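Data block below; observations after.
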Amino acid sequence: MSLTGKAILEINPDAQVNIVREDNSSEETITWLNGTPEISKEDIDAKKQEIVDRLANEETNKENLKASAKAKLVAGEPLTEEEAETIVL
């Protein structure tokens, strides 16, 4: 699912849309289906940025947990459950 589609569904989980992007274009055409109320481009763009920021923060937090787990393992300290879950055995 496209980022635009995810953003629309986070704003309105019941939304029914058709999103088309032409080849080599960044422009998307959104067709609102079955009476779905239209969401402004500005609201969709703001939600897309929230999603991108959230994913980046989640990745940063995961990397921080891995680093913390590694440091604790080297020091012989116990890991939190969250840190332990970052380790692939």
Side-chain angles (χ1 to χ4, degrees):
M1 177 181 299
S2 71
L3 182 56
T4 299
K6 288 178 185 179
I8 289 169
L9 289 176
E10 282 197 17
I11 295 169
N12 177 0
D14 298 322
Q16 295 180 21
V17 297
N18 183 33
I19 303 168
V20 176
R21 178 183 294 203
E22 297 298 325
D23 292 336
N24 300 321
S25 173
S26 62
E27 284 298 312
E28 295 174 317
T29 302
I30 303 170
T31 305
W32 302 91
L33 306 173
N34 299 322
T36 298
E38 187 171 329
I39 301 168
S40 73
K41 181 179 182 333
E42 293 78 15
D43 287 348
I44 294 170
D45 288 344
K47 183 57 77 172
K48 286 167 63 173
Q49 189 59 54
E50 283 180 31
I51 293 169
V52 168
D53 292 347
R54 182 175 65 235
L55 292 174
N57 287 337
E58 288 172 1
E59 187 62 30
T60 299
N61 290 341
K62 184 177 178 182
E63 292 303 318
N64 289 342
L65 279 172
K66 284 183 182 181
S68 175
K70 181 178 179 181
K72 285 183 177 181
L73 284 173
V74 169
E77 298 174 5
L79 305 179
T80 65
E81 184 175 338
E82 195 174 28
E83 291 168 330
E85 290 175 359
T86 67
I87 299 172
V88 178
L89 300 176

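Bear in mind the structure is a predicted one, so any value in this text is a computation, not a measurement.
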Review point. Where do Thr36 and Asn12 land on the side chain to side chain contact (heavy atoms under 4.5 Å, CB included) test, with the steps shown first?
Key: CA-CA 9 Å; Thr36 298; Asn12 177 0; 4.0 Å; yes

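- Under a cut-off of 6.0 angstrom, the local environment of CD in Glu82 is sparse, with at most 12 non-hydrogen atoms contributed by other residues, nucleotides or ligands.
- When side chains are defined from C-beta on, Asn18 does not count as touching Trp32, because their heavy atoms never get closer than 4.5 Å.
- Between the side chain of Thr60 and the main chain of Ala56, a donor-acceptor pair closer than 3.5 Å is present.
- Here the CG-NZ distance, from Leu65 to Lys72, works out to 9.0 Å after rounding to the nearest 0.5 Å.
- In this structure, the salt bridge (charged side-chain N to carboxylate O under 4.0 Å, His left out) partners of Glu10, at least two apart in sequence or on a different chain, are Arg54.
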Output a table of donor-acceptor pairs, distance under 3.5 Å, between side-chain atoms of residues 1-9 and any protein atom two or more places apart or on a different chain; print 'none' if there are none.
{"from": "Ser2", "atom 1": "OG", "to": "Gly5", "atom 2": "N", "distance (Å)": "3.0"}
{"from": "Thr4", "atom 1": "OG1", "to": "Glu28", "atom 2": "OE1", "distance (Å)": "2.5"}
{"from": "Thr4", "atom 1": "OG1", "to": "Glu28", "atom 2": "OE2", "distance (Å)": "3.3"}
{"from": "Thr4", "atom 1": "OG1", "to": "Lys48", "atom 2": "NZ", "distance (Å)": "3.1"}

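- Note that the CG atom of Asp43 and the NZ atom of Lys41 stand 11.5 Å from one another [nearest 0.5 Å].
- For the atom pair OG1 of Thr86 and CD of Glu63, the computed distance is 9.0 Å after rounding to the nearest 0.5 Å.
- One distance of note links CD of Glu50 with CG of Asp45; it measures 11.5 Å at 0.5 Å rounding.
- Within a 6.0 Å sphere centred on CD of Glu58, other residues, nucleotides and ligands contribute more than 12 heavy atoms.
- Atom CD of residue Glu85 and atom OG1 of residue Thr80 lie 8.5 Å apart, to the nearest 0.5 angstrom.
- Linking ILVMFWY side-chain heavy atoms closer than 4.5 Å, directly or via other members, places Ile44 and Ile19 in a single hydrophobic cluster.
- Within the model, atoms CD1 of Ile87 and CG of Leu73 stand 4.5 Å from one another, a figure rounded to the nearest 0.5 Å.
- A side-chain donor from one of Ser68 and Glu83 sits under 3.5 Å from a side-chain acceptor of the other.
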